[in-house]
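Here the structure comes first, spelled out in structure tokens, and everything after it is commentary.
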Amino acid sequence: MPDTPAPSEGRRPARLVVLVSGTGSNLQALLDASADPAYGAVVVAVGADRSGIEGLARAERAGVPTFVHRVKDYADRAEWDAALTASCREHSPDLVVSAGFMKLAGAPFLAEYAGRYVNTHPALLPSFPGMHGAADALAYGVKVTGATLFVVDAGVDTGPIVDQVAVRVEDDDDVVSLHERIKVAERTMLVDNVGRMAREGFTISDRKVRFGDL
Ligand code: GRF
């Protein structure tokens, strides 16, 4: 009698487009994970809002195609958003992952990737949204912070939460040490959850993200 097939068996790997603005250590974690076919997802392209960053170099070293759209090269934000959307579309992603991408996507992008655009944020949302999650948590004096993976909606870091991981703030932390410790936990959470989203599917209902759609 054959074994019961795993849900992912026989399925093609999910296609990931990853958006970056900087170092790309979260991207690297996804690239490393996707080297194993059992992961169930592959990074098919990496996009950025600036050139010359380590995130793009990581993609190039991995042989993954890249695209760059700088806001300042477009007449307005709507044109930039259209270009970003078009470049993503060329790679037919199942999921777009913002991994340290420091731009807010516009309405057309969000419409095209509604429910399929996730972002990782270095704080426990809804605390400390915005550009400086680690610094804001440190300044506030919280004892526990962390990282949040969420499905992007039209707000700033307000979308339905996929998962969170807690990280203790130490007395001698500065922003760099705290953010680096958050990023260690964040990378594992990102890889684990993107893999589950790819292998199991997921649903979003009443702000609740649940794995499994079959
Ligand atoms: C991550 O902590 C992410 O949450 C934040 O910026 C950092 C990006 O790190 N928005 P990296 O570029 O993946 O190393």
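Fair warning: this is a prediction, and the values are worked out from it, not measured in the lab. First listed ligand is number 1; within each ligand, the first listed atom is number 1. Positions are given from 1 along the sequence.
Scanning the protein heavy atoms around atom 9 (O) of ligand 1, the nearest turns out to be K183 NZ, 3.2 Å. Here the protein heavy atom with the shortest distance to atom 4 (O) of ligand 1 is E186 OE2, 2.4 Å. From the protein, the heavy atom lying nearest to atom 12 (O) of ligand 1 is G24 N, 2.7 Å.
A salt bridge links K103 with D49: at least one charged nitrogen is closer than 4.0 Å to a carboxylate oxygen. No salt bridge links R196 with D163; every basic N to acidic carboxylate O contact stays at or beyond 4.0 Å. Taking the charged nitrogens against the carboxylate oxygens, E200 and R11 have no contact shorter than 4.0 Å, which rules out a salt bridge.
For T66 (side chain) and G47 (main-chain N/O), no donor-acceptor pair under 3.5 Å exists by modelled atom type.
For G55, the closest heavy-atom approach to ligand 1 does not fall below 4.0 Å. Note on ligand 1: E54 sits outside its first shell, no heavy atom being nearer than 4.0 Å. Residue contacts with ligand 1 do not include V20, since none of its heavy atoms lies under 4.0 Å from the ligand.
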Please list every donor-acceptor pair under 3.5 Å in which a side-chain atom of residues 109-117 meets a protein atom from a residue at least two apart or in another chain.
residue, atom, partner, partner atom, Å
E112, OE1, R89, NH2, 2.8
E112, OE2, R89, NE, 2.8
Y113, OH, R89, N, 3.2
R116, NH1, P93, O, 2.8
R116, NH2, E112, O, 3.1

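Residue H179 approaches ligand 1 through these ligand atoms, each under 4.0 Å from one of its heavy atoms: 1 (C), 2 (O), 7 (C). Counting atoms of ligand 1 from 1 in the listed order, those under 4.0 Å from a heavy atom of T23 are 12 (O), 14 (O).
Y39 pairs by the ring pair (Phe, Tyr, Trp, His ring centres under 6.0 Å) definition with nothing, not counting sequence neighbours.
Residues N26 and R187 approach most closely at OD1-CG, 3.4 Å, considering heavy atoms.
Of the candidates S21, A123, G100, S25, the one placing a heavy atom closest to atom 11 (P) of ligand 1 is S25.
In terms of polar-atom proximity, defined here as any N/O pair under 3.5 Å, G22 makes no such contact with ligand 1.
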